[in-house]
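For the numbers below, each heavy atom of this structure counts, side chains included, while hydrogens, waters and symmetry mates do not. In what follows, chains are A, B, ... by sequence order, proteins preceding strands, each numbered from 1.
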There are 2 protein chains.
Amino acid sequence: MPKDTFFNLPSDKRERIVEAALSEFEENAFDQASTNKIIEQSGISKGSFYQYFDDKKDLYKYLIQLIVESKLKYITPAMQNPFNHDFFEVIHDMNEAGLKFALDQPRYLKIGTRLMQDKNHALYKEIIAENQERAMEVYSALVKNAMERGELRADIDVGFTARIIFIMSTEIVSLTTNNSYENLTENLTEILDKLMNLLAYGIKKTEGKND
Amino acid sequence: MPKDTFFNLPSDKRERIVEAALSEFEENAFDQASTNKIIEQSGISKGSFYQYFDDKKDLYKYLIQLIVESKLKYITPAMQNPFNHDFFEVIHDMNEAGLKFALDQPRYLKIGTRLMQDKNHALYKEIIAENQERAMEVYSALVKNAMERGELRADIDVGFTARIIFIMSTEIVSLTTNNSYENLTENLTEILDKLMNLLAYGIKKTEGKND
DNA sequence: TTACAATATGACTACAGAGTCACATGACTC
DNA sequence: GAGTCATGTGACTCTGTAGTCATATTGTAA
């Protein structure tokens, strides 16, 4: 957590620092990112930086907190009473919210994605791992509930399905972008529909579900 | 490409260098990896290193080449006459081969995965991007062919499905490991079956496919 | 005006990185 | 033995890094 001196700062100065940090961490992973550059770009002195933050990690974790808070604002509405809604509708709405977040907050997305990528990094374990466990529990509960209500095939594996849905939620962004997070196009709902359709029905031609 | 001096080296020395480089790039992404450490660990002098390789990137690309060649050895058998076999069988066998590779060559896997992860890195674009395009073309042809033979629903999107299958092939490893590439368990075929089942039939309870 | 605390500053330390270069060594030919 | 060429060497340069600290500035309260 940043120190009081940081939060006591006039808001424009504080924003300049956050702005500079976002830019730096957007372009570089934690180890690559340079506090020197952040200091330079935000126009504060080195000494001041260390009066605001314990170290580079302190600042970084603060940014991640901002990002998580922001993303939660998007996701939570889709999670109201998830056990009373149609399972596929809940999953759809969550992914839709995630895409909206990606569209609205591209730099947040980029920083978050960077963190998610390096699963071997100590920071990943420190910041992400446990939250991910919680997410998996939520997904598992959703799947289990939907099975009990007869919405899902009875022979599927709950944990496996939960993980698939989790991976879906992280990969859907890359599905919509040809791998460069810059050009998020407008056919998001189209791609989301295709994905939901695949999740529900698969792609094999069967007696029940022909063309 | 390494210089002739490298290939003229006595094989034990050459292997020591490759070994040291694999270790370093296994533990660190390209930018983090230290040539100094590779030099130290392989017991050669700094000057020699630069007589073998143009620079750090030269060595790295050589390793990637070894990795790609190794992976191809696993995958190609599954790709013999792909248009005459059952579509799901081909996909199954390819993924199975990929998992075998992951099991047999964990350090290759780790280095390769690291490279795949940082899609923003210049090296990703230099090394991966075009190969990925080619992979997508192969997958697309497979999907299209299977549709024409009536194996797949006629209403699916070829490009989308090809991308799903591509993502599947990269994500299946993480599905089998709870995110640490160390403990690849033995229930690989089980997970692969579940994944193939999902791809084919989805998870929704329908008239055609109950329980 | 004085006194004191909070904040600001940037030169500085200590370290690590990639890559260079003048020189040393060893092998092979004449 | 002399000459030549490929290869080996490590001290060195240059650049960048995170973090520190003695000193200066500012704000506030008496």
Side-chain angles (χ1 to χ4, degrees), chain A residues 1-64 114 118 121-123 126, chain B residues 1-64 114 118 121-123 126:
Chain A
M1 262 297 98
K3 305 176 187 176
D4 287 341
T5 47
F6 176 69
F7 294 108
N8 293 338
L9 247 33
S11 61
D12 64 322
K13 193 172 190 178
R14 214 167 54 229
E15 277 159 24
R16 242 166 46 224
I17 295 168
V18 169
E19 196 58 22
L22 287 174
S23 295
E24 184 65 12
F25 285 113
E26 189 189 339
E27 300 300 331
N28 306 94
F30 180 79
D31 291 315
Q32 269 64 55
S34 161
T35 50
N36 285 344
K37 280 188 191 144
I38 293 170
I39 285 158
E40 207 175 314
Q41 216 201 313
S42 56
I44 61 171
S45 71
K46 195 133 206 191
S48 289
F49 180 90
Y50 286 93
Q51 230 144 12
Y52 306 149
F53 307 99
D54 289 330
D55 50 24
K56 184 171 149 181
K57 193 167 93 177
D58 191 27
L59 165 58
Y60 183 70
K61 286 175 96 166
Y62 173 63
L63 292 186
I64 296 296
R114 246 182 234 290
D118 197 352
H121 199 289
L123 268 174
E126 191 173 335
Chain B
M1 263 296 97
K3 304 177 186 175
D4 287 342
T5 48
F6 176 69
F7 293 109
N8 293 339
L9 246 34
S11 63
D12 64 320
K13 193 171 189 178
R14 214 168 53 228
E15 277 159 24
R16 243 166 46 225
I17 296 168
V18 169
E19 196 58 24
L22 285 175
S23 295
E24 184 65 13
F25 285 114
E26 189 189 339
E27 299 301 330
N28 305 95
F30 180 79
D31 291 315
Q32 269 64 54
S34 159
T35 49
N36 285 343
K37 280 186 191 143
I38 294 170
I39 285 158
E40 209 175 314
Q41 216 201 313
S42 56
I44 61 170
S45 70
K46 195 134 206 192
S48 290
F49 181 90
Y50 286 95
Q51 231 145 10
Y52 305 149
F53 308 100
D54 288 331
D55 50 24
K56 185 171 149 181
K57 193 167 93 177
D58 191 27
L59 165 59
Y60 183 70
K61 286 175 95 166
Y62 173 65
L63 292 185
I64 295 297
R114 245 182 233 291
D118 196 351
H121 200 289
L123 268 174
E126 192 173 334

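What separates OH of B/Tyr50 from P of C/dG17 is a distance of 11 Å, to the nearest Å. One interatomic measurement links the two molecules: CG of A/Asn36 to C1' of C/dG10, which rounds to 12 Å at whole-angstrom precision. When the P atom of C/dA16 is taken as reference, atom CD of A/Gln32 falls 17 Å away, rounded to whole Å. One can place CG of A/Leu59 at 11 Å from P of D/dG19, the figure rounded to the nearest angstrom. Here the P atom of nucleotide C/dC12 and the CZ atom of A/Phe49 are 22 Å apart, to the nearest Å. One atom, CZ of B/Phe53, and another, P of C/dT20, lie 15 Å apart when rounded to the nearest Å. Rounded to whole angstrom, the span from the CG atom of A/Asp58 across to the P atom of D/dA18 amounts to 15 Å. Taking atom CD of residue A/Glu40 and atom P of nucleotide D/dG19, one finds them 17 Å apart after rounding to whole Å.
Counting any heavy atom pair closer than 4.0 Å across all strands shown, B/Lys3 reaches no nucleic acid atom. B/Ser34 comes within 4.0 angstrom of sugar-phosphate atoms only, judged by non-hydrogen atoms across all strands, and of no base. A/Lys57 comes within 4.0 angstrom of nothing in the nucleic acid, heavy atoms only.
Proximity of a side-chain donor or acceptor of B/Thr5 to a complementary backbone N or O of B/Gln51 within less than 3.5 Å is detected.
Below 30°, between 30° and 60°, or above 60°: for A/Tyr60 and A/Phe25 the angle between ring planes is between 30° and 60°, a tilted geometry.
Of the listed residues (A/Ile38, A/Ile39, A/Leu63), just one forms a side-chain contact (heavy atoms from CB on, under 4.5 Å) with A/Glu24, and that residue is A/Ile38.
Heavy-atom nearest nucleotides on DNA chain D were determined for B/Tyr52 and for A/Gly47, and the one closer to the 5' end corresponds to B/Tyr52.
Applying the 4.0 Å criterion to OP1 and OP2 of D/dT7, one finds that B/Asn8 has a side-chain N or O inside that range. Contact annotation: A/Lys56 side-chain N/O to D/dA18 OP1/OP2 distance is under 4.0 Å. The side chain of A/Thr35 places an N or O atom within less than 4.0 Å of a non-bridging phosphate oxygen (OP1 or OP2) of D/dA18. Residue B/Ser48 has no polar side-chain atom (N or O) positioned under 4.0 Å from OP1 or OP2 of D/dT7.
Side-chain atoms of B/Lys46 and base atoms of D/dA11 include no donor and acceptor less than 3.5 Å apart.
Under the 6.0 Å distance and 45° angle rule, B/Lys56 counts as a cation-pi partner of B/Phe30.
Side-chain proximity of B/Ser45 to the nucleotides C/dT9, C/dG19, D/dT9 is greatest for D/dT9.
Between B/Asp54 and B/Tyr50 the shortest heavy-atom distance is O-CD2, 3.6 Å.
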